[in-house]
Amino acid sequence: MTTGGIAGQVVLRAGATASGPPLLLRRWTDADADALVEAYRDPVLRAWTRLGVPDAGAAARWVEVQRVGWERGDRLSFAVLEEEPGGGRVAGNVVLKRPEPAGPVGEVGYWTAAHARGRGVAPRALQVLTDWAFETFAGQGPAYLELMHQVDNTASCRVAEKAGYGFERVLPAVPPFPRDGHLHLRRAAGVPVRW
């Protein structure tokens with residue numbers, strides 16, 4: 001379910017499952033700094049991301065990058081919260097990158113906080129983001145969404161498959177990425193195969 005629009009506040013939701021509570025996806029705020037620093041303390045998360053968030057200053061800069069991305073319309077990043085009575089806890093991040101906002105291709109990315117892994121947070125959040133992107137930008141934005149990860153990140157491969165992103169091909173390593181990667185692709189309804 002979607003509320004709001006690109007010009008206003010965008011809030012997305014995913015229902016509860018047997019393994020986890022409902023999810024709320026909303027823009028990152030300065031109030032998320034502590035949760036962001038806590039998430040980046042996890043060595044597994046740091047192994048798969050290029051940038052660290054070791055302290056409050058770095059968290060403030062990270063949140064500012066997300067805010068600017070929304071203003072420009074080229075990086076639409078959502079804090080993923082597990083909704084619980086009395087509030088919610090940051091469980092991850094999903095992002096839609098649009099290097100050419102009106103272009104045919106976008107890219108998605110995500111991470112999950114250590115405490116939320118194994119409960120289907122990433123595939124549910126990615127599915128909601130994907131549906132929203134194709135609905136919101138139909139005819140004026142990405143018709144294809146790419147998802148890339150290193151070949152040895154098997155968890156990301158499973159997330160991609162669960163969210164309907166089919167494996168396309170292996171990508172050669174390109175700095176700063178030290179290993180080959182996987183390219184997964186999802187097409188909007190009615191869009192032909194690209195390759």
Side-chain angles (χ1 to χ4, degrees), residues 2-14 23-42 45-82 87-113 116 121-122 124-150 156 159 163 165 174-177 181 183 186 188:
T2 307
T3 59
I6 188 76
Q9 285 296 330
V10 178
V11 176
L12 309 174
R13 287 191 161 80
L23 301 177
L24 171 77
L25 286 68
R26 55 132 172 100
R27 292 184 193 192
W28 287 91
T29 69
D30 292 335
D32 298 318
D34 289 343
L36 194 54
V37 171
E38 178 185 337
Y40 271 88
R41 284 189 183 123
D42 173 32
L45 175 59
R46 288 194 318 267
W48 302 118
T49 57
R50 289 186 299 149
L51 302 174
V53 183
D55 56 37
R61 289 187 295 277
W62 193 93
V63 170
E64 179 64 9
V65 167
Q66 311 321 305
R67 187 191 63 73
V68 170
W70 274 96
E71 285 180 2
R72 290 191 314 232
D74 62 359
R75 183 181 183 87
L76 310 176
S77 185
F78 291 86
V80 178
L81 285 77
E82 289 183 310
R89 182 175 182 190
V90 172
N93 174 66
V94 290
V95 60
L96 170 64
K97 302 171 194 173
R98 302 168 62 214
E100 298 175 41
V105 179
E107 180 185 344
V108 295
Y110 50 87
W111 54 256
T112 305
V121 169
R124 289 191 293 147
L126 182 58
Q127 181 65 56
V128 168
L129 174 72
T130 301
D131 292 347
W132 172 78
F134 285 146
E135 177 184 313
T136 300
F137 303 110
Q140 58 181 339
Y144 303 92
L145 293 177
E146 297 177 334
L147 183 159
M148 292 172 261
H149 63 82
Q150 289 185 177
S156 273
V159 168
Y165 283 76
V174 176
F177 302 103
L183 171 65
R186 178 117 176 239

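With rounding to the nearest 0.5 angstrom, the CG atom of D42 is 12.0 Å from the CH2 atom of W48. Summarising the geometry, atom CZ belonging to R26 is positioned 4.0 Å from atom CG belonging to D32; distances are rounded to the nearest 0.5 Å. The line from CH2 of W70 to CH2 of W28 is 13.5 Å long, rounded to the nearest 0.5 Å. Here CG of L12 is found 13.5 Å from CZ of R124. Values are rounded to the nearest 0.5 Å. Taking CZ from R41 and CZ from R46, the interatomic distance works out to 10.0 Å, rounded to the nearest 0.5 Å. For the atom pair CG of L23 and CD of E82, the computed distance is 6.5 Å after rounding to the nearest 0.5 Å.
Between D74 and P99 there is no side-chain heavy-atom pair separated by less than 4.5 Å. L147 places a side-chain heavy atom less than 4.5 Å from the side chain of L126. For the pair L24/V11, a side-chain contact is recorded, criterion being any heavy-atom separation below 4.5 Å from C-beta on. Looking at L145 and L96, their side chains come closer than 4.5 Å, going by heavy atoms from C-beta outward. Contact annotation: the side chain of V63 approaches that of L36 to within less than 4.5 Å [non-hydrogen atoms, C-beta and beyond]. In this structure, the side chains of P142 and R98 come closer than 4.5 Å at one or more pairs of heavy atoms. Side-chain contact between W62 and V37 is absent, with no heavy-atom pair separated by less than 4.5 Å. In this structure the side chain of R89 never reaches within 4.5 angstrom of the side chain of L81, judged on heavy atoms.
A salt bridge does not link R61 with E64: none of the charged nitrogens is closer than 4.0 Å to a carboxylate oxygen.
Residue F78 is tested with W132, Y110, W111 for a ring pair (Phe, Tyr, Trp, His ring centres under 6.0 Å); the sole match is W132.
The minimum heavy-atom distance linking V128 with A14 is given by the pair CG2-CB, 3.6 Å. Scanning both residues, A125 and V80, for their nearest heavy atoms gives CB-CG2, 3.8 Å. Between A39 and L45, the closest heavy-atom pair is O-CD2, 3.3 Å. Scanning both residues, G69 and L76, for their nearest heavy atoms gives O-CD2, 4.1 Å.
Side-chain polar atoms of Y165 and T130 form a donor-acceptor pair below 3.5 angstrom. Of the N and O atoms on the side chains of R75 and Q66, at least one donor lies less than 3.5 Å from an acceptor on the other residue.
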Stepwise side-chain contact (heavy atoms from CB on, under 4.5 Å) check, S77 with V94: CA-CA 6 Å; S77 185; V94 290; over 6 Å; no
Derivation and outcome, side-chain contact (heavy atoms from CB on, under 4.5 Å), residues E146 and V108: CA-CA 6 Å; E146 297 177 334; V108 295; over 6 Å; no
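Within a 6.0 Å sphere centred on CG of D30, other residues, nucleotides and ligands contribute 12 heavy atoms or fewer.
For the pair R186 and F134, the cation-pi criterion (under 6.0 Å, within 45° of the ring axis) is not fulfilled.
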